[in-house]
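Below is one structure, written out as structure tokens; the observations come after it.
As the structure lists them, so they are numbered: ligands from 1, and atoms in each ligand from 1.
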Amino acid sequence: MRILISGASVAGPVLAYWLNSYGSAVTVVERAPALRKAGGHAVDLFRPAMDIIDKMGLIEPVQARKTGTEWLSFRTENGDRPHGLEVGKLMSVVSDRHVEIMRDDLGEILYEATRHDVEYLFGDSIAAMAETADGVDVTFERGPARRFDLVIGADGLHSNVRRLVFGEESRFSTWIGAYLAVMSIPNYLGLRDRMDGITGVNRMVGVYGGAHMDDARAVFMFRPAAELDYHYRDVDRQKELLRRQFAGMGWEVPRLLGEELERASTFYFDSVTQLRMDTWSRGRVSLVGDAGYCPGPAVGGSTSLAVVGAYVLAGELAEARGDHTRAFPAYEREIGDYVRRSRTFAVGAAKRLIPDTRLGLWGLIQGVRLVNHVPTPIARALVGLGGRGVRLHDEVAVKDYPRGSVVRTDATG
Ligand SMILES: Cc1cc2nc3c(=O)[nH]c(=O)nc-3n(C[C@H](O)[C@H](O)[C@H](O)COP(=O)(O)OP(=O)(O)OC[C@H]3O[C@@H](n4cnc5c(N)ncnc54)[C@H](O)[C@@H]3O)c2cc1C
């Protein structure tokens, strides 16, 4: 069976790995001209995703490349002393098995694990698809047209496959009240195992380095009163909006939004948007990861959801012996609850991370103190009382798919 995946970041290569292990011939098309190695941003792998990474035999390289952030240090805008928080302690409240890793490091590990068995086409993109009775005719922007049995969109929040099959993104995306900006900066604060930051009502800034990074990242999150008006390609306007939102904030912010923003080698600015689709499969096409069910970047544990979604999609295709009419609905049923709970979690997390009142800010600081000062089981219980679903990822039961399954015995690929 020949399967085309669009997107070679996290969901795409995980899906490719498992489909290949079940006997499919897999092609991955990636718009970027080469594997991204700029680092991107830090992402989280929680228990269910770590268990899948383990089954793939990749725990060692993932552990070796973890960011190694051990300490969070935050001051509030009214200038009192910084509040410190041990990351290990915080994470043990949230999950029993967690690793933070730069997205591009994870992507590279997944690519290395699949590149000998999977065909990768870099620097190309799907231009059009036409479904026939026994396949999908795919036209590429650059390469020659080809036919595949199935096409899977793993091309992120602004998915091309989703647009081609389901229509414009605005039909499915909901702004959940926040904006996110990330830029690469020199590690002039000398941060290795620590994230430093400042938080205020409706806005926060954090700077972190990583064990394997030469530079650092500055992250900005804010909640304006209303949705902002800008074009996604208008970087100057985005920078202007960012400066306006953080005007008057102390600590390193004037420098970050001054000279560092001027010369930043990479700059990302986007609304924190949640995708809400009732179904993410149509005919011979389905979606995986952020493309199908992003709960919101940086607030919903979407990387773990992407890994689990990819594993389950491949497993259901194997169980149904490649019959997508059975496998796609089973895949959606299997992860539906995780997707819905992630959405609810993300909306709550956006509010908790960037409180919109002084009282909320006070609550955040008290939460930090609580996690710091009481034993982990008690902190878990108290945090659980305050916000259901904090251990969302660890509570997810992922079906186990036996390795011996095949996607289709009469494989045509
Ligand atoms: C700033 C920021 C901070 C984040 N912080 C966190 C965090 O703290 N924790 C966490 O768990 N998650 C975080 N996330 C989310 C995380 O990055 C995603 O959930 C995760 O990368 C999803 O993986 P994916 O493979 O589904 O999509 P992506 O990683 O978005 O990958 C999509 C891939 O598709 C490719 N592509 C796009 N268009 C096309 C096309 N037309 N043709 C072919 N290829 C295409 C892209 O180049 C990319 O390689 C953050 C995201 C952002 C943006």
Of the protein's non-hydrogen atoms, which lies at the shortest distance from [atom], and what is that distance?
atom	result
atom 24 (P) of ligand 1	Ala11 N, 4.0 Å
atom 9 (N) of ligand 1	Asp44 OD2, 2.9 Å
atom 29 (O) of ligand 1	Ser9 OG, 2.6 Å
atom 18 (C) of ligand 1	Asp290 OD2, 3.2 Å
atom 35 (C) of ligand 1	Glu30 OE1, 3.3 Å
atom 20 (C) of ligand 1	Thr303 OG1, 3.7 Å
atom 27 (O) of ligand 1	Gly156 CA, 3.7 Å

Please work out, at 4.0 Å between heavy atoms, whether the side chain, the backbone, both, or neither of [X] comes within that distance of ligand 1.
X	answer
Val10	both
Ser302	both
Arg36	side chain
Leu180	side chain

Distance check, rounded to the nearest 0.5 Å: [X] atom [atom1] versus [Y] atom [atom2]?
X	Y	atom1	atom2	answer
Leu106	Glu100	CG	CD	12.0 Å
Asp394	Asp96	CG	CG	5.0 Å
Leu4	Leu121	CG	CG	7.5 Å
Leu242	Arg244	CG	CZ	11.5 Å

Worksheet item: Does Arg162 use its side chain to pair, donor to acceptor, with the backbone of Leu157 at less than 3.5 Å?
Response: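 Such a contact is found between Arg162 side chain and Leu157 backbone.
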What atoms of ligand 1 come closer than 4.0 angstrom to any heavy atom of [X]?
X	answer
Gly289	26 (O)
Ala154	32 (C), 33 (C), 34 (O)
Val29	43 (C), 44 (N)
Val182	1 (C)
Asn160	41 (N)
Tyr268	1 (C), 53 (C)

Would you call the rings of [X] and [Y] parallel, tilted or perpendicular if under 30° counts as parallel and over 60° as perpendicular?
X	Y	value
Phe46	His393	parallel
Tyr120	Phe122	parallel
His41	Tyr268	tilted

Discussion item. So if I apply the side chain to side chain contact (heavy atoms under 4.5 Å, CB included) rule between Ile126 and each of Val136, Thr139, Val161, which one comes out positive?
Written reply: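 Only match with Ile126 under side chain to side chain contact (heavy atoms under 4.5 Å, CB included): Val161.
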Practice prompt. Let me know which of Leu305, Ile335, Val299 forms a side chain to side chain contact (heavy atoms under 4.5 Å, CB included) with Ser342.
Written response: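 Output: one option passes, namely Leu305.
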Item to complete: Give a yes or no on whether Glu60 atom CD has more than 12 heavy-atom contacts from other residues, nucleotides or ligands under 6.0 Å away.
Response: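 No, the 6.0 Å shell around CD holds no more than 12 heavy atoms from other groups.
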Discussion item. Can you see whether Phe267 has Lys239 sitting over its ring - NZ or CZ less than 6.0 Å from the centre and within 45° of the normal?
Written reply: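 Lys239 over Phe267 ring: yes.
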Worksheet item: Would Arg333 count as a cation-pi partner of Phe328, with NZ or CZ less than 6.0 Å from the six-membered ring centre and within 45° of the ring normal?
Response: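 Judged by the rule (NZ or CZ under 6.0 Å from the ring centre, within 45° of its axis), Arg333 is not positioned above Phe328.
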Selected option - heavy-atom contact closest to [atom], from [options]:
atom	options	answer
atom 2 (C) of ligand 1	Arg163, Arg103, His41, Arg217	His41
atom 40 (C) of ligand 1	Cys294, Ala310, Ser125, Ala298	Ser125
atom 36 (N) of ligand 1	Leu121, Leu45, Asp155	Asp155

Worksheet item: At the 4.0 Å heavy-atom cut-off, does Ala42 count as touching ligand 1?
Response: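 Yes, Ala42 has heavy atoms under 4.0 Å from ligand 1.
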Worksheet item: Looking at ligand 1, does Glu100 have a heavy atom less than 4.0 Å from it?
Response: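 Glu100 does not count as a contact of ligand 1 under the 4.0 Å cut-off.
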Discussion item. Please report whether ligand 1 has a polar contact with Ala291, defined as an N or O pair separated by less than 3.5 Å (distance criterion only).
Written reply: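 No.
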Worksheet item: For Arg31 and ligand 1, does the shortest N/O to N/O distance drop below 3.5 Å?
Response: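 The answer is yes, given that Arg31 and ligand 1 share an N or O pair closer than 3.5 Å.
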Worksheet item: Is there a donor-acceptor contact under 3.5 Å linking the side chains of Thr132 and Arg147?
Response: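 Their side chains do contain a donor-acceptor pair, which is all the 3.5 Å distance test asks for.
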